[in-house]
Every structure is written in structure tokens, then in C-alpha cells.
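Structure first, then comments.
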Amino acid sequence: MSLADELNPRQLEAVTTTEGPLLIVAGAGSGKTRAITYRILHLIRDKQVSPENILAITFTNKAAKEMRERVFQRLEMNETAPWVSTFHSLCLKLLRRHISELGYSNEFVIFDAQDQLAVVKKCMKEGQVNTEAFPPKSLLGQISSFKNDFKMPEDLDPETFSYGAPLKAVQIYPRYQKMLKEHNALDFDDLLVLTVRLLRQSDQIRDYYNERFKYLLVDEFQDTNLTQYRLIQLLSQRHQNVCVVGDDDQSIYSWRGARIENLLRFEREFEGTRVIKLEQNYRSTQTILKVAGAVVRENENRKDKTLWTENAVGERVIYHRAEDEVDEARVAAEKLNQWNQEDGISFNDSAILYRTNAQSRAMEDHLRHLRLPYRVIGGQKFYERKEIKDILAYLKVILNPADSVSLKRILNVPVRGIGKTSVEKIEIWCQVNNATLAQGLREATQGNLVGSGPARKIEQFLNLLDQLSRMCKEGSALDFLQETMEKSGYIAMLEKENSIESRGRVENLSELYNAVEAFVETERRGTLLDFLDSATLASDQDQVDDSRGVIHLMTLHTCKGLEFDAVIILGLENGLLPHSSSMSDNKSYEEERRLCYVGLTRARKKLMITNTRHRRMHGSTFHYPPSDFLLAIPAELLEKKMTEPQASAYNQYGGRSQWQDRSSSQPAEPPALKSSGGKQSSGEFAVGSRVLHPKFGQGVVVMKEGEEEDLRVTIFFKSEGKKKLVARKAKLIML
DNA sequence: TTTTACTTTTCAGGT
DNA sequence: AAAAGTAAAA
């Protein structure tokens with residue numbers, strides 16, 4: 001077999017251009033993974049590069065695992081597979097080895113979003129920042145974006161920030177960072193930031209890894225942030241053998257700091273970069289490709305490129321306008337069932353995609369009702385569930401006593417008589433004496449920091465921790481986990497409660513036990529700390545792996561990099577896709593379009609898109625109009641269907657007229673409302689429309705809820721940000 | 001002082 | 001609809 005037989009000329013070029021910086025612009029379904037795999041194999045087999053000298057960075061653990069397996073399959077028996085990893089797990093590996101250089105201890109823990117929020121709140125309290133005026137979440141977001149841009153606390157001058165949340169964030173940031181370090185904890189962003197700092201600081205370590213990873217490969221490059229870019233620069237400093245793969249049309253993570261500009265920047269800053277474009281699509285039908293292309297072409301800021309395919313024309317894309325979310329779910333499930341029975345599309349090759357996690361609910365209800373097999377990917381994460389976090393907090397505290405956040409979490413869970421007042425007293429003592437919470441607890445058992453009652457309870461609790469700590473050192477990870485769940489009284493607490501919910505929690509805990517068991521089996525030298533690491537870095541997509549024969553339900557973000565025979569995208573409505581919060585800003589509006597594009601291009605053969613006339617969300621009814629993205633799709637590519645409005649028979653023609661109206665660029669009103677006789681509640685203050693407020697000035701309606709008298713609109717004002725107003729009361733003028 | 005019951009808030013996307 | 005926060009009861 002020769003490479004030329006298996007690859008097209010462009011792909012071949014991408015595979016054989018091994019030396020120097022290379023940028024591969026790879027459109028959706030253009031055989032990117034294939035090219036990368038062959039590139040690695042080519043390096044090993046034809047260029048005699050040792051697998052150890054190759055590092056490939058992918059976006060998710062799942063992608064990394066697949067890549068590793070694909071390469072491994074084709075290697076000789078005695079060869080080891082190269083390092084394939086995500087940014088975060090790569091950094092974690094390096095830091096576990098070298099972090100002492102930065103003054104952390106090697107047993108550091110990783111704080112997830114919840115833990116981070118607890119730290120921010122504490123910082124705000126200490127720094128006397130009003131949590132009412134400045135939501136901790138938004139400050140945390142600010143801090144995160146500083147880190148994504150590789151801005152250290154000392155790089156930021158509060159003088160240059162004049163007002164509001166950014167200023168407060170600058171003020172809190174140093175305190176936040178200090179507190180994390182005191183807890184011997186890193187947040188997600190720190191994994192990247194500290195690795196860059198490590199490589200900058202130590203010539204020796206940097207040289208070592210430059211020598212070690214002579215060939216670098218980075219996938220999904222359009223979704224890297226500045227810190228990740230710096231990391232790549234540092235790792236490739238010496239040899240410059242970097243191959244990055246990306247597609248500007250699929251950039252969907254700018255909200256967490258990703259920069260499309262890294263693509264342009266790479267070309268500029270890495271000298272002599274070669275650019276190769278992969279534009280032939282091997283995945284989808286011509287029709288699907290045309291529809292997707294039509295949607296994304298509307299974006300103003302994009303490099304022009306056109307995907308083409310030799311695949312069949314295929315069927316038209318079905319667009320179904322449903323009554324509500326229940327009806328939408330019915331339509332989607334029926335279609336998948338039909339495709340399954342008439343066209344032999346397996347459920348496992350079918351996916352239902354949506355913009356927000358909340359949308360899965362109606363879909364799940366209906367699939368369960370029909371007894372169709374399904375699996376929700378992502379959403380509420382397993383390791384973020386209360387009971388799991390609680391037990392893991394016990395483990396974390398034993399491994400890293402400096403972790404006061406986890407300690408505080410379990411202090412009185414299950415309830416053991418150590419209440420709010422006692423904790424507050426101890427925390428004040430800790431702050432004064434600059435001690436950890438664990439030290440504070442020891443103090444409380446000695447002195448008269450708290451009453452004698454709580455002091456005794458605290459002593460018992462500390463004894464429990466000591467006992468568990470001993471077990472951790474002596475016994476196996478599995479026994480230790482088991483003991484923790486029992487000795488802490490956690491299981492007993494749940495069993496005593498004996499509700500449907502608590503029984504579910506017990507089940508989840510036994511699932512945790514299974515997970516640790518499986519981990520210990522597969523990872524030969526896996527410690528409990530390694531397990532915690534993999535648990536915190538697990539990505540949503542990892543769940544796709546072990547599901548067989550089920551319909552996949554997930555968000556449009558999660559579906560990136562996957563493909564299915566049949567795809568249904570729900571909720572193409574202004575307010576949902578594009579999402580309401582993106583409507584006032586052109587950049588994020590374009591990102592919504594790309595998000596839609598990513599979803600559309602997941603489909604190989606069958607594609608359906610749907611929306612509803614109204615849907616219930618967060619406890620109220622929304623009347624979102626059809627998505628503007630639909631307007632870009634040429635009518636002849638669509639097979640239009642709709643659920644007849646059930647109000648009464650004579651309505652159906654009112655409904656049908658929307659197709660004749662479509663050319664008039666304004667999306668049609670939901671027909672059901674036209675015949676209701678009442679006032680058209682969605683006519684005014686339509687999502688996306690501009691209004692004028694006497695005080696706040698011009699704004700854009702981003703969301704509306706309630707009806708008639710109660711109609712409340714959320715409006716985005718340039719000066720004030722988002723405001724929620726009662727439409728009747730606020731003196732709003734439509735523009 | 002701690003626990004339970006009630007009220008209020010939030011509601012995009014994820015490593 | 002669900003989690004987080006607050007006031008009243010034990």
C-alpha cells in the first residue's frame with residue numbers, strides 16, 4: 001500500500017510536509033483525522049521518527065483516545081504509541097512532575113467551577129466587594145478571561161480600569177490567585193497558565209521538552225486561546241516542527257477565550273509556514289453540504305472557502321415547524337424511528353442536537369414513552385452531582401489537607417452538629433492566624449474557640465479523618481473509597497432518608513465505586529489522585545464511547561468532531577438558535593451561525609431541522625419566531641412540513657401562508673396566535689427588535705417571558721447591560 | 001446552635 | 001424547574 005492510494009493530493013501533501021510550521025485548513029468532513037493519523041504513521045515509518053518524539057494535542061479525551069488507537073493499530077508490535085493528549089491533561093502531566101518549581105506541592109488538587117465560585121465569594125467577602133452589585137460568576141468569568149489571555153495579576157494595572165466589573169475583577173484577581181495557592185489548588189485555567197510559566201521560567205525543563213517533542217501536532221486550532229498559543233510556541237521553540245489543523249467556520253468557543261485570530265497569527269509568527277487547504281468533503285450528501293454552506297456563508301468575517309463532494313445529491317433536508325416542544329419531540333422521534341425502519345439507519349448513528357441542555361427534557365420524556373433507546377451526552381455532569389462531589393471532597397481532603405473548600409463542604413455532611421456559627425468563628429480565627437481550615441479545626445478542639453458541644457463534635461470529625469487517612473495510606477484505593485462512604489455516615493444518611501431521590505444517589509455512589517474499580521484495572525499504576533484528575537478533566541464527549549445502539553442527545557457544542565448518519569437539530573428559533581444573549585453583538589451572533597453550521601455538517605445522509613410556535617422553558621411560555629438562519633437556505637433544498645395548528649380546522653390556511661411570506665425576509669408569525677382573537681403578544685417586543693428607553697437609551701430585546709399585562713422583556717442596553725423590565729410599565733418606544 | 005421549611009433567584013455553551 | 005439563600009422552629 002502506498003500513501004498516494006489512500007489519500008487525495010491535498011491530504012498527501014499535508015501528510016508528507018513534515019518539517020517546519022504547517023497550517024492545515026480542514027473543512028468539515030474533509031478527512032482531517034485521517035490525514036493526521038497518516039501523518040503520524042508517516043513520521044514513524046518513513047521518516048524513522050521515534051513515537052516518543054511526537055506529541056499530538058486534540059480537543060477532547062475521546063478524540064485523543066481514538067487517535068491513539070488508530071495509530072497504535074498500524075504500528076509494529078514492539079513500538080509504543082506517541083503521546084496524544086488534550087491541552088489540559090498534557091499540562092496536568094507536566095505539572096504533576098514539575099510544579100514544585102513554582103512553589104506548589106505535587107499533591108495539588110484541581111478546583112472545578114463550583115469550587116472556584118466558593119473561592120471568589122470568599123475573596124469578595126474579604127476584599128469587601130459587594131456581591132449584590134457584582135455577581136461572583138461574572139468576576140470569575142473576568143478572571144478566567146485574564147488567564148486565557150495569559151495576563152498575570154501583576155500584569156494588570158487597576159489604574160487602567162476605570163469602572164465596573166472589570167475593575168473589581170482586577171482588584172480581586174491577586175487575592176483569588178493567592179488563595180488558590182494557599183489551598184494548594186489550581187483551577188482549569190491555571191493548568192495552562194502555570195505550564196506556560198514553568199516553561200518560561202526553567203530553561204532546563206523547556207529544553208528537555210523541546211528535545212522530547214520534536215514533532216508537534218495541534219487539532220482544532222481555531223478554538224485555542226492565547227495561553228495555549230504561547231504553550232505551543234514554547235514547546236516548538238527549537239525545532240519549529242508544528243502542524244496545526246483548524247477551520248475558522250467551526251470556531252465556537254470564543255466565549256471561553258478561544259481566538260480564531262490564532263490561525264492568522266500562526267501564519268504570521270511562525271516563519272515559513274506552509275498552508276494547505278482540505279476542501280473535499282467525504283462525509284455528507286451534496287444537499288446537506290449546500291444547506292450548511294448557505295447558512296455559514298452569511299457570515300461577514302470568514303475566509304472564503306467552499307466545500308465540495310463527490311457524494312450523492314441525497315434527499316432534501318426536512319424542515320418541520322411544530323406546535324410546541326412536546327410536538328417537536330414527537331416529530332423528531334417519529335422521524336428517527338422511520339429512518340431506522342425504512343432506511344436501516346441505526347439508532348447509534350442518529351443524533352438529536354440542541355442549543356441548550358434544558359431542551360433535552362421534552363425529548364427524553366418522549367423517547368422514554370416510545371421506549372426508544374437514547375443517551376444524553378453531557379448536561380449535568382456525573383462528577384458534579386452533589387453526592388459524588390461530597391464523597392470526592394472527603395478523598396481530596398485526605399490527600400490534600402490544605403484544601404479548605406472541600407473540607408468546608410463535608411464538615412457537616414452528613415449533619416454532625418457542626419453548624420454555621422461554629423464554622424464562622426473558626427474561619428475568622430483562620431484568617432487572623434493565616435491558617436488553613438484544618439488547622440483551625442485542631443485549634444477549636446483545644447482552646448475555647450467554640451462551645452464545648454461543637455468542640456466535641458469537631459474532635460470526633462477529626463478522628464474520622466485521621467482514621468480514613470490511615471486507611472488511605474495502607475489499603476487499596478477501592479477499600480479506601482468504600483470505607484469513606486460508610487464511615488463518614490454518608491450512605492447511612494441516604495438510606496435513612498429512603499426517598500426516590502436518595503435511592504438514586506446511592507446508586508450513583510455505587511457507580512462511582514465501579515468507576516474507580518474500572519480505573520484501577522485499566523491504569524496499571526493508577527492512584528486515587530490520578531483518578532481524581534481524570535474525573536475532573538473528563539469531557540462530555542467521553543460518554544459517547546461506551547454507548548451502543550442508542551440515539552445520542554447532546555448540545556451543538558458537544559457534537560463538535562462527531563458524525564452521524566442521521567441528525568436532527570431542534571429549536572431553530574430566534575432566541576434559542578441564535579441564542580437571545582448573542583443577538584446584541586455581531587461577533588457572538590456570527591458564532592451562533594457557526595454553531596448551527598457545525599451541527600448541520602455532522603450529518604452524513606439524513607438531516608432534519610425543527611422549530612416550534614411556542615415552548616415552555618424555565619416555567620413560562622416563549623413565542624420565539626423561526627430562526628433567521630433559515631432564511632439563508634434556498635427553498636428547493638428543503639422539504640417543508642408543519643404540524644397543523646390544532647386550534648380549529650379553518651386555521652390551517654392561516655398557517656400555510658407562512659411559506660408564501662417567506663420571501664419577504666421577515667419570518668412569519670406563529671399561525672396559532674393569528675387566530676387567537678386576542679392581542680398578538682409576540683408582535684411587539686419581538687426578540688431582536690430595537691427599543692428606546694428614556695433613561696437607558698437604545699437597546700435590543702434579547703428575551704421575553706410572560707404574556708399580556710405580565711409581559712416582561714429583557715433588554716440589552718449598551719450603557720447598562722441587561723435589564724429586565726415589565727413591558728407595560730417601562731416607557732419603551734419601538735424603533 | 002442546628003435543622004427544617006419556605007422564599008428567592010437563576011435559567012448558554014465546557015475543560 | 002431546580003438550586004441557593006433566608007427565616008422560623010426545634
Side-chain angles (χ1 to χ4, degrees), chain A residues 57-64 85-92 110-114 116-118 121 131-132 135-137 141 144 147-148 186-192 220 223-225 227-228 252-258 353-359 361-362 377-381 383-386 412-425 450-455 457 501 533-542 554-560 571 575-583 588 591-592 594-595 598-599 616-620 622 702-703 705 714 722 724:
Chain A
I57 301 174
T58 58
F59 202 69
T60 62
N61 291 311
K62 177 176 183 288
S85 158
T86 64
F87 270 106
H88 286 88
S89 47
L90 167 74
C91 292
L92 182 55
I110 303 164
F111 275 7
D112 67 12
Q114 278 176 55
Q116 290 179 61
L117 212 55
K121 281 179 185 164
T131 49
E132 301 275 294
K137 255 191 188 167
S144 174
K147 293 187 178 187
N148 288 328
L186 315 195
D187 64 18
F188 285 117
D189 304 318
D190 279 342
L191 290 171
L192 307 170
E220 304 285 4
D223 280 323
T224 54
N225 60 37
T227 305
Q228 288 164 326
I252 55 176
Y253 282 104
S254 76
W255 52 274
R256 64 175 212 214
L353 310 176
Y354 36 79
R355 178 63 237 263
T356 64
N357 280 309
Q359 287 170 264
R361 183 158 209 135
I377 312 295
Q380 161 73 282
K381 287 206 206 67
Y383 292 108
E384 279 168 14
R385 291 178 192 193
K386 192 183 176 304
N412 202 27
V413 178
V415 287
R416 46 172 75 89
I418 308 171
K420 211 170 69 184
T421 318
S422 303
V423 175
E424 249 164 39
K425 282 179 190 162
V450 294
S452 65
K457 299 283 165 68
E501 202 193 335
D533 284 349
S534 79
T536 20
L537 290 190
S539 58
D540 284 346
Q541 263 196 20
D542 299 346
M554 69 191 94
T555 65
L556 288 161
H557 280 93
T558 303
C559 81
K560 185 163 94 154
L576 216 47
L577 181 64
H579 195 267
S580 53
S581 54
S582 71
M583 291 200 149
S588 44
E591 185 151 307
E592 294 292 303
R594 291 194 294 269
L595 194 53
V598 166
R616 278 191 74 76
M617 277 167 68
H618 319 309
S620 50
F622 293 76
V702 292
M703 203 201 291
E705 55 201 299
T714 305
K722 275 199 275 187
K724 196 175 190 174

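A note on names: the letters A, B, ... follow the listed sequences, proteins ahead of strands, and every chain is numbered from 1.
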A/N357: side-chain contact (heavy atoms from CB on, under 4.5 Å) partners, not counting sequence neighbours: A/Y354, A/T555
Sidechain-backbone polar pair: A/D542 side chain, A/A538 backbone, donor-acceptor under 3.5 Å: no
Letter per nucleotide, 5' to 3', of nucleotides 1-10 of chain C [B base touched, S only sugar-phosphate touched, - untouched; heavy atoms, 4.0 Å]: SS--S-----
Any A/L577 side-chain heavy atom under 4.5 Å of A/T356 side chain: no
Sugar-phosphate only, base, or nothing, as touched by A/I418 at under 4.0 Å among non-hydrogen atoms: sugar-phosphate
For A/R256, all residues meeting side chain to side chain donor-acceptor pair (under 3.5 Å), sequence neighbours excluded: none
Minimum side-chain heavy-atom gap A/S539-A/N61 below 4.5 Å: yes
Results of ring pair (Phe, Tyr, Trp, His ring centres under 6.0 Å) for A/H557 - residues two or more places apart only: A/Y253, A/W255
Check the interface with nucleotides 5-8 of chain B: list each N/O to N/O pair with the protein under 3.5 Å, or write none.
none

Same-atom distance (P) from C/dA4 to B/dG13, integer angstrom: 16 Å
Gap between atoms CZ and P, on A/F622 and B/dA12 respectively (whole Å): 10 Å
Polar atom pairs (N or O), protein with nucleotides 13-15 of chain B, under 3.5 Å:
unit_1, atom_1, unit_2, atom_2, d
B/dG13, OP1, A/N357, N, 2.4
B/dG13, OP1, A/N357, ND2, 3.0
B/dG13, O4', A/R355, NH2, 3.3
B/dG13, N2, A/W255, NE1, 3.3
B/dG13, N3, A/W255, NE1, 3.1
B/dG14, OP1, A/D540, OD2, 3.4
B/dG14, OP1, A/T555, OG1, 3.3
B/dG14, OP1, A/T558, OG1, 2.9
B/dG14, O4', A/R256, NH1, 3.2
B/dT15, OP1, A/D540, N, 3.2
B/dT15, O3', A/H88, ND1, 3.3
B/dT15, O2, A/H88, NE2, 3.1

Residue pair A/I252 / A/D223, side-chain heavy-atom distance below 4.5 Å: yes
Minimum side-chain heavy-atom gap A/M554-A/Q541 below 4.5 Å: no
Nearest-angstrom distance from the residue atom CG of A/N412 to C1' of B/dT1: 11 Å
Distance below 4.0 Å between A/K457 side-chain N/O and B/dT2 OP1 or OP2: no
Sugar-phosphate, base or nothing in reach of A/K137, heavy atoms under 4.0 Å: sugar-phosphate
A/L537 side chain reached by A/T86 side chain, heavy atoms, under 4.5 Å: no
pair A/T58-A/S85: side-chain heavy atoms closer than 4.5 Å: no
Any donor-acceptor N/O pair, A/D187 side chain to A/F111 backbone, under 3.5 Å: no
